[in-house]
Amino acid sequence: MTRTISTVFIAAVLGILVLVNALGLRLFGRVDVTRDKAYTLSKATRDTLTALEEPVVVTAYFTEQLPAPYSSNARYVRDLLEEFRAVSKGKVAFEFVDPQSQETDADKEAKKEVKQDIFGRRFRDQTSVEKELSGQGIQPVEIRVIEEDQQQTKRAYMAIVIKHQEKKEVIPLVQNVSSLEYDLTTLVRKLTRTKTPVIGVLQGHGEPKLDEKYRYLLTMLSQMYEVRPVELAGKERFDDTLDALYVMGPKTALPPNELKAVDQFLMKGKAVAFFLDQVHVDVRTFQPTDATHGMTELLASYGVTVGNRLVADVKSGNVSISERRGFMVINQPVPYPFLPVAQRLEGDSVVSAGLADVLFPFATSLEVKQVEGTTATVLARSSNKSWLEGTPPNLNPQRDWRAETITPTGPHPLMAQVAGTLKSHYAAEATQSASGAAPLIGQSEKEARVVVVGTSALFQDDFMQNRGNQVLALNVADWLLLDPALLAMRNRGLALPVLQAELPDSTRNLVKFGNAFGLPLLLAAFGLVRWRMREASRATVTV
């Protein structure tokens with residue numbers, strides 16, 4: 001009787017689990033127990049969706065019956081869009097489409113007709129569905145699947161199209177779902193906003209051209225903003241259509257009228273990012289060229305003083321050096337102290353939250369102090385093993401560091417932000433403007449935002465392959481122009497939980513190998529002790 005009850009009980013539990021699992025495929029629900037709520041819609045997403053006035057239509061093109069892990073990606077996309085629809089109260093509508101199910105009989109026949117080019121490579125013509133999707137910027141990807149006990153290559157679609165009125169945005173491949181909420185939210189904002197924010201990049205002082213040195217940065221920023229080179233050419237005011245200003249690597253000092261124009265731009269409550277150099281360096285020859293920006297006093301009045309000595313750091317990136325060995329030339333990576341790496345950014349700021357391993361090539365140190373009405377925050381520092389180089393700096397990558405005695409003086413600030421009510425550098429002149437001239441503003445009309453970095457090279461193409469630099473570039477632009485909640489969403493999951501920011505290598509290795517081998521060894525030791533105890537117990541038993 002007891003065995004029958006147990007069997008019935010086990011069968012009932014299994015039946016309930018199967019039923020719950022089946023209902024889970026139909027009904028949506030989610031409990032988020034992650035540390036940074038990675039699976040809960042962020043405030044920026046909720047604000048964006050609840051503010052929608054007109055429908056947004058999302059079409060997800062996913063091939064059915066994809067193998068893992070692609071099948072879980074499709075499930076995640078469906079769950080996320082379900083949440084978007086619920087929060088927007090139906091303003092976001094979506095559908096899932098399997099492109100293969102849209103094929104006509106003619107398309108299916110066309111897929112059977114395989115041709116060869118002059119090199120013997122096999123190909124076939126596109127179907128009508130494939131041509132339509134290709135016109136939208138969506139291409140299939142080839143994945144490996146097991147069908148009929150054989151490994152085969154299958155063409156699959158994993159793309160999303162977002163439409164609002166006559167405008168459209170495309171995510172051509174959903175490969176990493178960790179950033180999908182941010183991607184969808186930013187695209188919805190882009191489609192529904194009434195005005196595209198404009199970033200002006202100051203030119204006319206020997207700065208590197210955007211389409212020469214900053215092509216990667218230009219491509220990234222252009223996805224969300226209009227990026228426009230600007231020259232004052234004797235004018236004393238920037239165009240009111242600019243929402244933010246970048247000052248990137250001037251070689252010659254800005255004249256007084258342009259310094260005043262930058263100051264007054266901030267006084268209107270707008271934002272400026274300063275990326276300033278002591279030297280410009282050709283990364284092929286490592287030859288420095290002196291640079292003078294003339295903005296030291298202006299920035300000092302806002303609370304940030306830009307130094308004139310380069311930061312060198314043991315914690316640095318590598319450069320490739322060519323060495324001739326006999327008849328061969330070998331490229332050898334060597335540490336280069338003038339590429340300091342901020343291993344973990346700091347400060348209570350969404351710009352730096354969770355960011356690590358950011359390169360600050362040929363950077364000068366900063367000095368940051370608090371100015372009344374503002375909050376100044378250091379976002380990045382060099383390591384404790386850094387120092388300041390004399391002038392002119394010896395940038396030779398083959399420099400023999402063994403012959404030199406270096407005394408570390410770090411850490412040194414590399415990047416800072418200032419936000420608040422700024423007082424004009426020209427406040428004394430605010431009430432003394434000449435007759436007929438536009439009056440000077442003595443204090444920012446609303447919160448002004450400033451970012452200062454001691455180098456402009458960190459966003460140049462040579463260093464933008466580094467993931468940390470890419471995210472930082474977007475964070476700076478978003479903080480200057482957008483809701484900080486949007487940055488907080490993108491930064492979720494970047495920060496790793498650490499017990500201590502700085503750990504010696506010996507301690508780090510001890511913890512790492514302790515985690516890997518400690519538990520198995522403890523388990524083996526417990527088993528050994530348990531076995532010896534049982535053997536001792538048996539020895540005391542008398543028959």
| request: Please determine if Lys251 and Asp277 form a salt bridge, counting it only when a charged side-chain N lies under 4.0 Å from a carboxylate O. | output: no

| task | Grab the two heavy atoms, one from Gly249 and one from Pro208, that are nearest each other, plus how far apart they are. | result | O-CD, 3.6 Å

| Got a donor-acceptor contact below 3.5 angstrom from the His293 side chain to the Met295 backbone? | yes

| query | Rounded to the nearest 0.5 Å, what separation is found between the CD atom of Glu258 and the NE2 atom of His205? | reply | 3.5 Å

| field | Working for salt bridge (charged side-chain N to carboxylate O under 4.0 Å, His left out), residues Lys209 and Asp211 | value | CA-CA 6 Å; Lys209 301 296 183 184; Asp211 56 357; over 6 Å; no

| query | Sub-3.5 Å donor-acceptor pair from the side chain of Thr186 to the main-chain atoms of Asp183, do we have one? | reply | yes

| request: Assess whether atom NZ of Lys446 is packed by more than 12 heavy atoms of other residues, nucleotides or ligands within 6.0 Å. | output: no

| query | Of the options Tyr246, Phe360, Tyr216, Phe275, which is the one that meets Phe459 in a ring-ring contact (aromatic ring centres under 6.0 Å, His included)? | reply | Phe275

| request: Measure across Leu480 and Ala244 and return the closest heavy-atom pair with its distance rounded to 0.1 Å. | output: CB-CB, 4.5 Å

| What closest approach, in Å, do Asn384 and Pro408 show between heavy atoms, and which atom pair accounts for it? | O-CB, 3.5 Å

| message | If you apply the rule side-chain contact (heavy atoms from CB on, under 4.5 Å), what do you find for Val230 with Val201, and how did you get there? | response | CA-CA 6 Å; Val230 295; Val201 182; 5.9 Å; no

| Any side-chain heavy-atom pair of Leu245 and Lys270 under 4.5 Å | no

| Salt bridge Asp313-Lys315, side-chain N to carboxylate O under 4.0 Å | no

| said: Between Arg46 and Glu181, does the salt bridge (charged side-chain N to carboxylate O under 4.0 Å, His left out) criterion hold? Intermediate values first, please. | reply: CA-CA 11 Å; Arg46 291 181 177 276; Glu181 182 192 343; over 6 Å; no

| request: For the pair Thr455 (side chain) and Ala457 (backbone), establish whether a donor and an acceptor sit closer than 3.5 Å, ignoring hydrogens and angles. | output: yes

| field | 4.5 Å side-chain heavy-atom contact, Met415 and Val452 | value | no

| message | Quick one: does any side-chain atom of Ser382 pair with a main-chain N or O of Ser386 as donor and acceptor, under 3.5 Å? | response | no

| message | Test your reading of the model: is there a side-chain donor-acceptor pair from Glu54 to the backbone of Gln165, 3.5 Å cut-off? | response | no

| request: State the CG-CG distance between Leu266 and Leu422, to the nearest 0.5 angstrom. | output: 6.0 Å

| Ser352 vs Arg344, side chain to side chain donor-acceptor pair (under 3.5 Å): CA-CA, chis, key distance, verdict | CA-CA 9 Å; Ser352 56; Arg344 187 173 300 279; over 6 Å; no

| field | 4.5 Å side-chain heavy-atom contact, Gln264 and Leu440 | value | yes

| Has Glu404 got more than 12 heavy atoms of other residues, nucleotides or ligands less than 6.0 Å from its CD? | yes

| Does the side chain of Pro250 reach to within under 4.5 Å of the side chain of Leu276, using non-hydrogen atoms? | yes

| field | Electrostatic pair Lys163:Glu169 at N-O distance under 4.0 angstrom | value | no

| said: Please tell me whether Ser383 and Gln343 have a donor and an acceptor in their side chains that are separated by less than 3.5 angstrom. | reply: no

| Distance-only, no hydrogens or angles: does the Ser222 side chain make a donor-acceptor pair with backbone N or O of Thr219 under 3.5 Å? | no

| Do Lys260 and Glu429 sit within salt-bridge range, that is, some charged N less than 4.0 Å from a carboxylate O? | yes

| For Gln417 and Ser349, which heavy atoms make the closest approach, and how far apart are they? | OE1-OG, 2.8 Å

| task | Determine, step by step, whether Thr50 and Val87 satisfy the side-chain contact (heavy atoms from CB on, under 4.5 Å) criterion, reporting the C-alpha distance in whole Å, the side-chain angles of both residues, the deciding distance to 0.1 Å, and the verdict. | result | CA-CA 7 Å; Thr50 54; Val87 172; 4.1 Å; yes

| query | Can you tell me if His425 uses its side chain to pair, donor with acceptor, with the backbone of Asp263 under 3.5 Å? | reply | no

| said: Does Lys167 have more than 12 heavy atoms from other residues, nucleotides or ligands lying within 6.0 Å of its NZ? | reply: yes

| side-chain contact (heavy atoms from CB on, under 4.5 Å) between Tyr225 and Asp478: does it pass, once the steps are laid out? | CA-CA 10 Å; Tyr225 310 107; Asp478 289 351; 2.4 Å; yes

| request: For the residue pair Trp401 and Pro335, establish whether any side-chain heavy-atom pair is separated by less than 4.5 Å. | output: no

| query | Can Thr185 and Thr45 be said to form a side chain to side chain donor-acceptor pair (under 3.5 Å), step by step? | reply | CA-CA 6 Å; Thr185 301; Thr45 298; 2.8 Å; yes

| field | Neighbour count above 12 (heavy atom, 6.0 Å) for Asp290 CG | value | no

| request: Please check if the side chain of Tyr302 supplies one atom and the backbone of Ser424 the other of a donor-acceptor pair under 3.5 Å. | output: no

| field | Criterion side-chain contact (heavy atoms from CB on, under 4.5 Å) on Asn308 and Thr364, from CA distance to verdict | value | CA-CA 6 Å; Asn308 56 8; Thr364 57; over 6 Å; no

| said: With a 4.5 Å cut-off on side-chain heavy atoms, are Met158 and Tyr61 touching? | reply: no

| message | Salt bridge or not between Arg381 and Glu346? Use side-chain N to carboxylate O under 4.0 Å. | response | yes

| message | Before you tell me yes or no, could you show the steps for Lys43 and Asp47 under salt bridge (charged side-chain N to carboxylate O under 4.0 Å, His left out), namely the whole-Å CA-CA distance, both residues' side-chain angles and the distance that decides it to 0.1 Å? | response | CA-CA 6 Å; Lys43 181 179 182 300; Asp47 290 346; 2.7 Å; yes

| Do Leu388 and His412 have side chains that get closer than 4.5 Å, going by heavy atoms? | yes

| Main-chain N/O of Thr421 paired with Gln443 side-chain donor or acceptor, under 3.5 Å | no

| message | Tell me if a side-chain donor or acceptor on Thr391 pairs with a main-chain N or O of Pro393 at a distance below 3.5 Å. | response | no

| Under 6.0 Å from the NZ atom of Lys190, do we count more than 12 heavy atoms belonging to anything else shown? | yes

| query | More than 12 non-hydrogen atoms from neighbouring residues, nucleotides or ligands closer than 6.0 Å to CD on Gln332, yes or no? | reply | yes

| Worked verdict on Lys369 versus Glu367 for salt bridge (charged side-chain N to carboxylate O under 4.0 Å, His left out) | CA-CA 7 Å; Lys369 66 177 183 179; Glu367 181 181 337; over 6 Å; no

| So do Asn318 and Val334 actually touch side chain to side chain, heavy atoms under 4.5 Å? | no

| said: Looking only at the aromatic ring of each residue, does the gap between the centers of Phe265 and Phe238 stay below 6.0 angstrom? | reply: yes

| Point-to-point distance, once rounded to the nearest 0.5 Å, from OG1 of Thr289 to CD of Gln287 | 8.0 Å

| How long is the gap from CG on Leu472 to CG on Asn475, to the nearest 0.5 Å? | 6.5 Å

| Rounded to the nearest 0.5 Å, how far apart are OG of Ser320 and OH of Tyr336? | 13.5 Å

| query | Is Asp357 salt-bridged to Arg467, cutoff N-O under 4.0 Å? | reply | no

| query | Could you state the interatomic distance from CG (Leu184) to CZ (Arg189), rounded to the nearest 0.5 Å? | reply | 13.0 Å

